[in-house]
Undergrad: 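Structure in structure tokens, see below.
Just so it is clear, the values below take in all heavy atoms, side chains as well, and ignore hydrogens, waters and symmetry mates. Chain naming here is simple, since letters A, B, ... match the order of the sequence lines and numbering starts at 1 in each.
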Amino acid sequence: MKGANILIESLRKEGVKHIFGYPGGVLIPTFDVLYDTKDIELILTRHEQGAAHAADGYARASGKVGVCIATSGPGATNLITGIATAYMDSIPIVFITGQVPTSLIGNDAFQEADIVGITRPITKHNYLVKDVKDLARIIKEAFHIASTGRPGPVLIDIPKDVTTSEAEFVYPEKAEIRSYNPTTEGNPKQIKKAAEMINAAKRPVIYAGGGVIISEANEELKKFTEKTGIQVTMTLLGLGALKSDHPLSLGMLGMHGTVYANKAISGSDLIISIGARFDDRVTGKLDEFAPHAKIIHIDIDPTSVSKNVGVDIPIVGDAKNVLKLLTAQIKKPSIDDWNKKIETWKKESPLSYEKDSKTIKPQFVIEKLSELTNGEAIIATEVGQHQMWAAQFYNFKNPRTMLTSGGLGTMGYGLPAALGAKFALPDKLVVDIAGDGSIQMNIQELATAVMNKKPVKIIILNNGCLGMVRQWQELFYDKRYASTILSNFDTDPVTAKNDMDYIPDFVKLAEAYGAYGRRVTDPAEVEDALKDMIKRDETCIMEFIISPEENVFPMVPAGAGLTQMIGGMA
Amino acid sequence: MYHTISVLVENHFGVLTSISGLFASRAYNIQSLTVGPTEDKTVSRMTIVVEGDDKIIDQVKKQLNKLIDTLKVIDLTNEEYVDREIALIKVEAGVNERSEIFQVTDVFRGNVVDISHSIMTIEVTGTTKKINAFIDLLKPFKIKEMVRTGRIALGRG
Ligand SMILES: Cc1ncc(C[n+]2csc(CCOP(=O)(O)OP(=O)(O)O)c2C)c(N)n1
């Protein structure tokens, strides 16, 4: 069998149904095989970065391994941001890149790039296939490595001649990698110690991250919190682990987290961290982070443990397994006083914003969306203020419904990720919440959505600027808006709507792509527009013109401690 | 503090790059890194001497373990181990200096491996400490060039 056929057969053995990709010279033999393959759909995006993020959104929404293919040289380098995004957020994706023929490697051949070298620090593992005889085994290993342990992207670089040479096709039953054996079970002694520590805690808090979503431990988390009464705060990637309106949910913590989550963490005597990694956007200034707390850290990746904060009880293992064992051993600790205190904080400083009848408030748009979709839509976001408003004001009910670039913070992630999710779950409503800056980074994928009849819905919260950066400039750089203004607008809230130059005109842009576009400037129209968007069976852009100077609060300034929040305090 | 870490890795191409890349991208302070074959031809052994406090060394070991091609990471520092290094040192040595250099070399069980009218090249094997001491003694003679292999080590017993 030829290498190209071995590749596709192997993907079929892995149960792959969708590949996001873009062709090129060295990939022609492979695409030629795909042309006749009816049970695997190759989705042609309009940019390789779009393909990478689409595979990522596909993986996050479905829990399956995403697959993405691009050609050698520029095709491969266009994947970099997508690979790094997936790596930072532990998303299982197999990236396949074409490479120049083996005889030309190292010759600075046309469209040659050392993609294995370039992606070494941003992949969980990568391979250059030098011999067609190794191809099937490598694919088996790649899927295994991508999806087990702490998941992550794996890249396979395949020279053109490997795809055209012959070998016998034998797909291995199992990946046997003697040097790769992730620990999933969790040490029983450590779990017992943790249970004792939890039983004795007076002011415990659960801190849940993306690991809970990845290991699908949300039910176990729910049981754990309900049995103990310990409240749960979530990271950006952990949203959906416990539904946001659960009485024991504290919402998100960290830089733009809730006041009560940050107060609870700061005042706690025990933090139970599950699948989270104490990222600097979460902890704020490390010296001031949870000064009185002991820490139990449950994580599948030993390198995450004790990296940023000292840990009292490390438990290396899969969150689902560990939580089951742990829940069986814990009692309800006596924490009524503590929980009462948290309840007063919740009442004192809920997430809020100033209502306005003239200008559309972005928070209001998200709140309405949450209400109209019952918190059950799949939400993708770009990066910026709109992302934080989405995290704060959308009441996520289910895991795998928040698709956002947390670790890398990649603008341009949302639209292709939403598209990928729509391919994985075509019956679900998928909404990309975007800013007017970010959406322009991968806007070309509108064509992919329209052409494939995968109606993703895009909400642009248009503030005419790179809002998140502008906010920092406003607060810490004396309102010196260096290169953050995208439209010539009038800042007077009354006349602004009329005087803003719409560059680009997103409504016309939607239409140019064969999608539906609508601009909303009146708060009274928000609900109707959202209903219109939800109802439509076509890709659409709903543009909401919001105040250019709206800020995300509360906020912990970079480098400050979690208790030094600005805004949002009653 | 310096740690001597022995790492067994799959003898795959690219492994050395992964490991040196890991040290570079995380700004770990590496003092020496050696790599060579072992009794098993599918496995290579790296010996890495790295400086850092306990927290950094803990991360270094975990990060090394995390690489897919890593079979085993052994921190020899707190164990009984033997370590060796080889140095080749070229010193300026006229007729008058030769005998003294021969003497010093003898005491350190080194070998003179090359000699010309004004230059001697000496090979010495031993622990890092011994080699440092030897180099120190040669300094007055003007060292022209020098190369050291970096440390290799094995646990005892
Ligand atoms: C690819 C990329 N470039 C730059 C940044 C830095 N950055 C973070 S937020 C932001 C502004 C985003 O603006 P917009 O998409 O309009 O969203 P808003 O903050 O206005 O809601 C920028 C430039 C980034 N995160 N990603």
Undergrad: Going from NZ on Lys66(B) to NE2 on His125(A), what distance comes out if it is rounded to the nearest 0.5 angstrom?
TA: 14.0 Å
Undergrad: Please determine whether the number of non-hydrogen atoms from other residues, nucleotides or ligands lying under 6.0 Å from atom CD of Gln31(B) exceeds 12.
TA: yes
Undergrad: Under a 4.5 Å heavy-atom cut-off, does chain B meet the side chain of Lys124(A), its backbone, both or neither?
TA: both
Undergrad: Does a sphere of radius 6.0 Å around CG in Asp108(A) hold more than 12 heavy atoms from other residues, nucleotides or ligands, not counting ones at 6.0 Å or beyond?
TA: no
Undergrad: At a 4.5 Å cut-off on heavy atoms, which part of Thr17(B) comes close to chain A: side chain, backbone, both, or neither?
TA: both
Undergrad: More than 12 heavy atoms of other residues, nucleotides or ligands under 6.0 Å from NZ of Lys55(B): yes or no?
TA: yes
Undergrad: Do Leu128(A) and Phe13(B) have side-chain heavy atoms sitting under 4.5 Å apart?
TA: yes
Undergrad: Rounded at 0.5 Å granularity, tell me how far CG in Asn308(A) sits from CD in Gln59(B).
TA: 8.0 Å
Undergrad: Could you grab the distance from atom CD1 of Ile68(B) to atom CD of Glu141(A), nearest 0.5 Å is fine?
TA: 9.5 Å
Undergrad: State, without any angle test, whether Arg178(A) and Thr42(B) hold a side-chain donor-acceptor pair at a distance under 3.5 Å.
TA: yes
Undergrad: For the backbone of Thr303(A) and the side chain of Gln63(B), can you confirm whether one donor and one acceptor N or O come within less than 3.5 Å of each other?
TA: no
Undergrad: Has Lys133(A) got more than 12 heavy atoms of other residues, nucleotides or ligands less than 6.0 Å from its NZ?
TA: no
Undergrad: More than 12 non-hydrogen atoms from neighbouring residues, nucleotides or ligands closer than 6.0 Å to NZ on Lys62(B), yes or no?
TA: yes
Undergrad: Count the heavy atoms belonging to other residues, nucleotides or ligands that lie under 6.0 Å from NZ of Lys13(A), then report whether that count exceeds 12.
TA: no
Undergrad: Hey, is CZ on Arg26(B) packed in by over 12 heavy atoms from elsewhere, all under 6.0 Å?
TA: no
Undergrad: Nearest 0.5 Å, what's the CZ-CD1 distance between Arg120(A) and Ile19(B)?
TA: 11.0 Å
Undergrad: Using 0.5 Å steps for rounding, measure from the OG atom of Ser18(B) to the CG atom of Asn126(A).
TA: 7.0 Å
Undergrad: How close do Leu71(B) and Ser179(A) get, counting heavy atoms only, and between which atoms?
TA: CD2-CB, 3.6 Å
Undergrad: Determine the option with the most heavy-atom pairs under 4.5 angstrom with chain B, choosing from Val305(A), Ile177(A), Asn181(A).
TA: Val305(A)
